[in-house]
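Written below as structure tokens is the structure these notes are about.
Note that the structure is a prediction, hence the values are computed from the model and not measured.
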Amino acid sequence: MIVTRFAPSPNGPLHLGHAYSAIVAHDLARERGGRFLLRIEDIDGARSRPELADEFRADLEWLGLQWKEVPAQSSRLEAYAAAAARLREMALLYPCCCTRAEIAAAAVAKGPDGPVYPGTCRGKAVEDDDAAWRLDVTAALARTGPLSWVDEVHGEQQARPDLAGDVVLVRKEAETPASYHLAATLDDAADGVTLVTRGMDLFAASHVHRLLQALLGLPVPLWHHHALLLDARGDKLAKRRGSGTGGLGLADRRRAGEDGRALADALREGRLPAGITLSEGLHERP
């Protein structure tokens, strides 16, 4: 049975891009007689606002979506710690104390998420009391061998986690114990997700997640990376750009009396609000 999920972080209000992503995941599951899950990714440190989870539920109901909720990330910290411990035992994690500025200054390549970490701390003696823990991708790939994964829209992919460099799996901040890569990979396996549905902006992350699945003996799902909603400047809608505020967010639209089901149907049909476009490329509409 197909199982999809929508996994928002309560660090800001949802916007139209979130609505589109939730609708894609919901409809793919519904069309195939499967299940659509809601998971609250609430380990974003001080930025997490627990009260927003109820807003998210109200937004999804307003859009006419039906879901089953699974445990939030904050209930899964022991699982993240156990997975990190396994990777340390395999000698695949190393501590790193580099700052963002130091990484930017030392980087010789640019990856999908910005400057690629050049491995400054790899093989060095670093005090781990105040350090992040990075995955030694070269050593990890030597252990697993070549890997591949399948995206429903884009076909079979040869896994290239090396393009992102040695990503952080355990953060420095105690209140944010696991990175997105580690937490989302473990969560999807625990929740029985069989089709990971998310935006094209996370396509590169799937290469890393496929590697983690191989290292930790986790099931391998299919992926479905959909197009992104763009603003009038051609930038993707994002919380950090205020896409969920100023009367534009789902909660604002809901409180203003807009018909959420009609909005959902419009997004399904590609009838987008003024100033909003769909990113180009090898994408399918929901």
So if you build clusters from Ile, Leu, Val, Met, Phe, Trp, Tyr with side-chain heavy-atom gaps below 4.5 Å, do L186 and Y180 land together?
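Not linked; separate clusters.
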Going by the rule side chain to side chain donor-acceptor pair (under 3.5 Å), which residues pair with N11 if we only count those two or more places apart in sequence or in a different chain?
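Partners of N11 by the side chain to side chain donor-acceptor pair (under 3.5 Å) criterion, ordered by chain and then number, come out as D44, K239.
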Mind checking side chain to side chain donor-acceptor pair (under 3.5 Å) for E89 and listing every partner two or more places apart, or none if nothing turns up?
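Checked E89 against side chain to side chain donor-acceptor pair (under 3.5 Å); zero matches.
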At their closest point, which heavy atom of V153 faces which heavy atom of D151, and how far apart are they?
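Minimum heavy-atom separation between V153 and D151: N-OD1, 2.7 Å.
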Taking atom types as modelled, find out whether [X] and [Y] have a side-chain donor-acceptor pair closer than 3.5 angstrom.
{"X": "H207", "Y": "W149", "answer": "yes"}
{"X": "H226", "Y": "T197", "answer": "no"}
{"X": "D187", "Y": "Q73", "answer": "yes"}
{"X": "R198", "Y": "S206", "answer": "yes"}

To the nearest 0.5 Å, tell me how far [X] [atom1] sits from [Y] [atom2].
{"X": "W223", "Y": "R210", "atom1": "CH2", "atom2": "CZ", "answer": "6.5 Å"}
{"X": "L169", "Y": "L182", "atom1": "CG", "atom2": "CG", "answer": "5.5 Å"}
{"X": "S279", "Y": "M200", "atom1": "OG", "atom2": "CE", "answer": "7.5 Å"}
{"X": "L14", "Y": "L52", "atom1": "CG", "atom2": "CG", "answer": "8.0 Å"}
{"X": "R254", "Y": "E55", "atom1": "CZ", "atom2": "CD", "answer": "5.0 Å"}
{"X": "E61", "Y": "R57", "atom1": "CD", "atom2": "CZ", "answer": "11.5 Å"}

Option passing side chain to side chain donor-acceptor pair (under 3.5 Å) with D166 (candidates W133, Y117, Y94)
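Output: one option passes, namely Y94.
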Does F36 have R5 sitting over its ring (NZ/CZ under 6.0 Å from centre, angle to axis within 45°)?
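Not satisfied by the 6.0 Å and 45° rule.
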Cation-pi geometry met for R261 and W62 (6.0 Å, 45°):
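The answer is no, since R261 fails at least one limit relative to W62.
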Report the residue from V208, L211, V137 that forms a side-chain contact (heavy atoms from CB on, under 4.5 Å) with D162.
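Testing D162 for a side-chain contact (heavy atoms from CB on, under 4.5 Å) against V208, L211, V137 leaves exactly one candidate, V137.
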Under 6.0 Å from the [atom1] atom of [X], do we count more than 12 heavy atoms belonging to anything else shown?
{"X": "E51", "atom1": "CD", "result": "yes"}
{"X": "E102", "atom1": "CD", "result": "yes"}
{"X": "Q66", "atom1": "CD", "result": "no"}

E258 (side chain) donor-acceptor with R255 (main chain) under 3.5 angstrom:
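No, because the side chain of E258 does not come within donor-acceptor range (under 3.5 Å) of the backbone of R255.
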Using 30° and 60° as the class boundaries, would you call the ring planes of H181 and H209 parallel, tilted or perpendicular?
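Ring orientation, 0 to 90° scale: perpendicular.
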